[in-house]
Structure formats: C-alpha cells, structure tokens
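The structure appears right after this line, and notes come after that.
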Amino acid sequence: MHVSIAPERLINILGFDLTNTVLTAFIVVALIIAFAFFVSPKLNFANPGKLQLVFEVAFGYLYDMVCGLMGSKIAKQVIGFLFSLLLFILFSNWFGLLPIVPSIAINHTNEEHVESVVATEAKHEEELSVSKCIETKNCYLTVSGVEQFEEPVHLLRAPTTDLSMTVSFAIMAVLSINLLGFKTLKLGYLKKFINFSNPINFIVGILELLSEFIRIISFSFRLFGNIFAGELLLTVITFLSFGIATLPFLFLEIFVGLIQSFVFFILTAMFMTLAVEQHH
Amino acid sequence: MEVEAVKLLTMAFVMAIGAIGPGLGIAKIATKSVESVGRNPDAAGKVQSLMILGIVFTESIAVFVLVVALMIKFL
C-alpha cells in the first residue's frame, strides 16, 4: 500500500510535471463544460424538466442564503463565482470516489532516484550498490545484480487531495474577498486594516491583516485534510479487507465531500459580507 | 530508538491527544443546539444552520491535527 501526500508525477512536459491530480482536474473541468453544453439548449423557463428543477432548487437555496447575508445587490455580482467554485470543488471531491480512480495504475521506475544515486556514487562502477540499497530500501537483489522497484502510480487522483490545488482555491477565495471589498468601499476598505484613531484599533487592524493570511491556510488545510483523510481511510479499508466493506465509508465520503464544498462556499460568502459592511 | 519508531509513536500520540479538544467542543455545540431546539421548535431551521457552521469550524481544528500527524509520518 503506497500513499503519499504529494501527488505523483506522470510525465514531464516542457519542464512542467503533469501530476495525476492535474490530469483528473482537467477531466473534471471537461466533464462540467460538456454537461453545460449539452444541457443548455434544453433549458425551458415555462416547463422545466427534472434535472433543471434540481439545479434550480439548489441554486435558489444558495442564492437566497447569500442574499440574506450580504443583500441582493452585491450577491448578484458574486454568486456566479461562488457557485462555480462550489461546483468545481464538489465534483473534484466526488470524483475521487469513483471505482476507476484507485484501479488504473501505471508502472514506472523512480528515475529521479536513480540519477541521485548515480551522482553520489562516483567511485563505484555500477549504478546501484548493495549498501545503498539497504540504506534506501528502494531496490532488490536479483541474480543479475541490483534492480530498482517499480512503483505503480495511480493514473487518476481526486484533485482536492493535492495541497497545491486547495491552496490555489484558498488564494482565489481570499483574493476575491479583498477585491470585492476594494470594489464596494473603494479606498475606505483600507480603514479596516490601518486605523490610527485609537491605539487599540491599530493593533486590531494589524491582527485583521494577519488573519487574512491565516484564512488562506485554514481554508486550504480544512479542504485538503478532509478529502485526503477520506481517501486514506478508503485505501486502508480496502487494503485490510475486501471491496464491499468500504460501502459505509463511501457514504461518509459522499457526505463529507458535499459538506466541505458547501462550507467553502458559505465561509467565502460570510467573509465577503464582513468585507463589505460599512464601519461606523 | 530509531527515527522510524519515534515517528510512528509521535504520530499516534499527536492524533490521540489532538482529537480530545475538538471532540469535546463538538459535543458542547450539539448539546446546546439540541437543547435550544427543544425549547423553541420554531427556530429549528436557523439553529440547524448555525450548528452545522459551528461544527465545521471546530472540526477543522481536528483536521489540522490530522495534517500535522500525516506530515510527521510521511515527510
């Protein structure tokens, strides 16, 4: 059983590593766009079909909640961004539960490790020696010499189990909160951070500035930890027993994926509300 | 002791001790919210939304502890 926090590299294109989470993210985005293209001609205002009704109920509930928080004038500007973020995070979380995700694996040797071993063993003639093998435990001894392990690498992995991706979501959310504050309050938004009226208010302003950065960490680690722990749990349960025993944990993971995407949405909406309120 | 053994032990202890706080916190939140719904059944919708929000914030502390434990073992 092989688990790593960092996503595994599949191939190296033009100096960029294509990891399996990025590949899955591309597939999720393609699926969402294809779904939008196929459904939009059939949208009917007077006579909605079942799928349209489901999305209308969900969107109506979320839009009413955001309107209740920040008023409908600002809610109209941000609901597009928030809802698409919610959809992307939701489908990224749920994609990791499909049965094709843990089953497709490709074998490739750990090329970087071979190069580093060659560089440090300038004195020896062969590339891998037995002593290095015992140290790193990355190879095994055969009749024809020492050979590297081939690590099977999963082809697909849920995008939100990648810390880089959740940090990007968090940075997008915090950046959009601050930009909305600047757009609505113009330069008065800076009064939240730099406030010279009172020594106490000055300290509070500094703390507000610090808490913006802490929000990035909190958003990203909450999403990453929940989804990665779920994937780890499923891997361990599958490793310890047979496939059908993961069924209750799959239900839990469906629920957790839904809740975490909703929480991201509602927290961003709430911080936006705090950012646009006028200070007395 | 070897580094690997210390890593395993530390990971177990970090997770065990770190889950005490959020566990107690979530229990408190749920208790209070159920009690308030019992006192005022009309406010059930609002109380439920606030409870979910409170539970999510508290649960994220447990998630931070989990991430630290995973980092000790795997990084």
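The sequence lines fix the lettering, A, B, ..., with proteins before strands; numbering per chain opens at 1. What's counted below: heavy atoms across the whole structure, side chains too, no hydrogens, waters or symmetry copies.
The part of A:Phe224 that comes within reach of chain B is its side chain, from C-beta onward, which places non-hydrogen atoms under 4.5 angstrom from that chain. Proximity to chain A is limited to the side chain of B:Val67, based on heavy atoms less than 4.5 angstrom apart. Only the side chain of B:Leu66 comes within contact range of chain A, with at least one heavy atom under 4.5 Å from a heavy atom of that chain. If you measure heavy-atom distances from A:Ser218 to chain B, the contacts under 4.5 Å come from both the backbone and the side chain. Looking at A:Leu223, neither its backbone nor its side chain comes within 4.5 Å of chain B, counting heavy atoms on both sides. Proximity to chain A (any heavy atom under 4.5 Å) is restricted, for B:Leu53, to the side chain, taken from C-beta onward. Neither the backbone nor the side chain of A:Met65 comes within less than 4.5 Å of any heavy atom of chain B.
Heavy atoms only, all atoms of each residue included: B:Val63 and A:Phe221 are closest at CG1-O, 3.4 Å. B:Phe64 and A:Arg222 get closest at one heavy-atom pair: CE2-N, 4.0 Å.
Here the CD-CD1 distance, from B:Glu59 to A:Ile259, works out to 10.0 Å after rounding to the nearest 0.5 Å. A distance of 8.5 Å separates CG in A:Leu267 from OG in B:Ser60, rounded to the nearest 0.5 Å.
The number of heavy atoms from other shown groups lying within 6.0 Å of NZ (B:Lys7) is above 12. More than 12 non-hydrogen atoms from other residues, nucleotides or ligands lie less than 6.0 angstrom from CZ of A:Phe59. Heavy atoms of other residues, nucleotides or ligands lying less than 6.0 angstrom from CZ of B:Phe74 number more than 12.
Proximity of A:Val263 to B:Ile52: side-chain heavy atoms (C-beta onward) are nowhere separated by under 4.5 Å.
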